[in-house]
Engineer: 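Take this structure first; my questions come after.
Given the structure is predicted, the values throughout are model-derived calculations rather than measurements. All chains are named by letter (A, B, ...) in the order of the sequence lines, taking the proteins before the strands, and each is independently numbered beginning at 1.
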Amino acid sequence: MLDIKLIRENTEAVCKGLESRGADTGAIEKILALDVRRRELLAQTEELKSKRNTVSKEIGMRKKAGDDTTEIQAEMRAVGEKIAELDKELADVEQEQRNLLLCLPNLPAPGVVPGGKEANEVISVYGEKPTFDFTPKNHVDLCTDLGLIDYERGVKMGGNGFWLYQGDGARLEWALLTYFIQEHIKDGYTFILPPHMLTYECGLTAGQFPKFEEDVYRLTEEGFHFMLPTAETALINMYRDEILSEADLPKRLFAYTPCYRREAGTYRASERGMIRGHQFNKVEMFGYTKPEDSEAMLQELIRKACKLVEGLGIHHRLAKLAAGDCSASMATTYDVELWLPSMNEYKECSSVSNAMDYQARRGNIRFRREATKKTEFVHTLNGSGLATSRLMPAIVEQYQQADGSIKIPDVLVPLMGGQTVITKK
RNA sequence: GGAGAGGUGUCCGAGUGGUCGAAGGAGCAGCACUGGAAAUGCUGUGUACCCCAUGGGUACCGAGGGUUCAAAUCCCUCCCUCUCCGCCA
């Protein structure tokens, strides 16, 4: 959520920032008009309340003294009615303003270029595109032929967009997750296994709601529990409505969860297989920092994500996203993209972002600064570390051999019980 | 699922209609004492918003609504936690 004071005092800069990400600025004028009315109403009702408080105390004292207070009580009743009236309007105005504010995306950080996907900038490239002296297969054929993934039975059980891992496929998936978890633990991050079903409030804080309610699986009519679309949604809510002490920062967390997404609408045939599914596994990194430390944490998370992919020996690149390609809550986003030979394309396997104080403001997550004794909003950051649904395709495609087998990346061998290659059973 | 208890400040905990933003204690900070520390004593210690802004005001005692001149305190609805019983993995 953007600070209403910022909108009030730097209207032009806010609009410019929103426009650079292609967001609609039509709400700004409305928000400002509501803000004027809100403050008017607040001044009026507070003045009346002040009067009522004073007089009510007086009534108490005069009654004790045995005075007749009928007249003054009637007067205060009228004041009370006026207050109720003003409060009602104030509540409506505040609600309307808050709804508009909740729908505004974050402002892009300085240095994030305007525009959409086409304006993304490749920062670095690791390794080279693998070459094959045979005709390489795509990941769907590889996984099917080797019996790693059963797409048809997955669909039978879960419907379109689901698959199941089996045998060496399940082991490879599990080995990847274990590899990530071990690396994060080595780096001193705290391992979290959060609830997978969350309340509406969690989605609101993360910035997914109210705008993207349709993107999640809702569980109940009443209460709005939903399946988390990413562990980020859980981790941002761990410290919701809390005041952290400065010494607790930065907090470095990571969590493993499946991610559940509706992915409404059809996706391109080229995205078949594990590129886009309703359920996929992800290890998510998360950071809470003081404002002045969030840039360093962002760089740390980017390094960690890249290091994991490098460890697997996969050709990939790092891209800095243009404003319009960042998700709504984020001020800066970097994507780690894997090379998929069959698609002749780079596909995101990690998205590392700095939300600055946008989510903290929505979730009221603050810390107390020792020097000033004052509370400030924390900065929150998140990054996949990593999602497997794009990695597994990249691994099988980049590590495939002429005989149709797949060489297992060295770091995963110990996690696969010493197995070095996956062959047809 | 049945029965009961309860949700108060950083924490514990008092408070059943008026002078309660809230006793008391712990913690924390400052000062005093000390060679230094402990102990002790004194002082301070919530958040947010608004304004005619070195000051003033309002709101907040789980959430929402109601009664009243006045609500932490009374009434209603909801949420959550705990204990016991039942059921299930």
Engineer: Of the options His278(A), Arg262(A), Arg261(A), which is the one that meets Tyr217(A) in a side-chain hydrogen bond (donor to acceptor under 3.5 Å, both in side chains)?
Structural biologist: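 Among His278(A), Arg262(A), Arg261(A), the one meeting side-chain hydrogen bond (donor to acceptor under 3.5 Å, both in side chains) with Tyr217(A) is His278(A).
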Engineer: In whole angstrom, what separates Leu6(A)'s CG from C49(B)'s P?
Structural biologist: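 Leu6(A) atom CG is separated from C49(B) atom P by 14 Å.
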Engineer: With respect to the phosphate group of C69(B), does any side-chain polar atom (N or O) of Arg62(A) fall under 4.0 Å of OP1 or OP2?
Structural biologist: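 Negative; the distance criterion is not met.
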Engineer: Could you let me know what U83(B) is paired to, Watson-Crick or G-U wobble, both distances under 3.5 Å, or none if it's on its own?
Structural biologist: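 Its partner is A3(B) (Watson-Crick or G-U wobble, both distances under 3.5 Å).
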Engineer: What's the separation between atom CG in Asp410(A) and atom OG1 in Thr420(A), rounded to the nearest 0.5 Å?
Structural biologist: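 That separation rounds to 9.5 Å.
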Engineer: Just by distance, with hydrogens left out, do Asn354(A) and Thr332(A) show a side-chain donor and acceptor under 3.5 Å apart?
Structural biologist: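 Checked: Asn354(A)/Thr332(A) side chains show no N/O donor-acceptor pair below 3.5 Å.
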Engineer: Could you say whether Gly60(A) or Lys49(A) is positioned toward the 5' end of RNA chain B, judged by the nucleotide with the nearest heavy atom to each?
Structural biologist: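 Whichever sits nearer the 5' end wins; that is Gly60(A).
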Engineer: With sugar-phosphate meaning primed atoms plus P, OP1 and OP2, does Arg8(A) contact a base, only sugar-phosphate, or nothing at under 4.0 Å between heavy atoms?
Structural biologist: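 Sugar-phosphate contact only - Arg8(A) comes under 4.0 Å of backbone atoms but never of a base.
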Engineer: When the C1' atoms of G18(B) and G86(B) are compared, how many Å lie between them, rounded to an integer?
Structural biologist: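 Per the computed distance, 48 Å lies between those C1' atoms.
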Engineer: Given the P atoms of C85(B) and C11(B), what is the spacing between them in whole Å?
Structural biologist: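 Looking at atom P only, C85(B) and C11(B) are 31 Å apart.
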Engineer: Give one of base, sugar-phosphate or nothing for Lys51(A), where a contact means two heavy atoms less than 4.0 Å apart.
Structural biologist: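 Result for Lys51(A) = nothing.
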Engineer: Please determine if a side-chain N or O atom of Arg77(A) lies less than 4.0 Å away from the OP1 or OP2 oxygen of C69(B).
Structural biologist: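 True: Arg77(A) side-chain N/O within range (under 4.0 Å) of C69(B) OP1/OP2.
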Engineer: Heavy atoms only, 4.0 Å cut-off, all strands: where does Ile59(A) land among base, sugar-phosphate and nothing?
Structural biologist: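 If one applies the 4.0 Å heavy-atom cut-off, Ile59(A) turns out to touch a base.
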Engineer: With heavy atoms under 4.0 Å as the rule, sort Thr375(A) into base, sugar-phosphate or nothing.
Structural biologist: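 The residue Thr375(A) makes sugar-phosphate contact but no base contact.
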Engineer: Identify, between Lys64(A) and Thr54(A), the residue whose nearest nucleotide on RNA chain B lies closer to the 5' end.
Structural biologist: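 The residue closer to the strand's 5' end, by nearest nucleotide, is Lys64(A).
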Engineer: Apply the test salt bridge (Lys or Arg N to Asp or Glu O under 4.0 Å) to residues Lys16(A) and Glu19(A): give CA-CA distance (whole Å), side-chain angles for both, the deciding distance (0.1 Å), then the verdict.
Structural biologist: CA-CA 5 Å; Lys16(A) 209 173 151 210; Glu19(A) 276 158 13; over 6 Å; no
Engineer: With the side chain of Gln73(A) defined as its heavy atoms from C-beta on, choose the nearest nucleotide among C69(B), U47(B), G57(B).
Structural biologist: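 My answer, after comparing the listed nucleotides, is C69(B).
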Engineer: Any chance the side chains of Asp335(A) and Ser351(A) put a donor and an acceptor closer than 3.5 Å?
Structural biologist: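 Yes.
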Engineer: Would you mind reading off the distance between Lys88(A) atom NZ and G65(B) atom P, rounded to a whole angstrom?
Structural biologist: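 Interatomic distance, NZ of Lys88(A) to P of G65(B): 10 Å.
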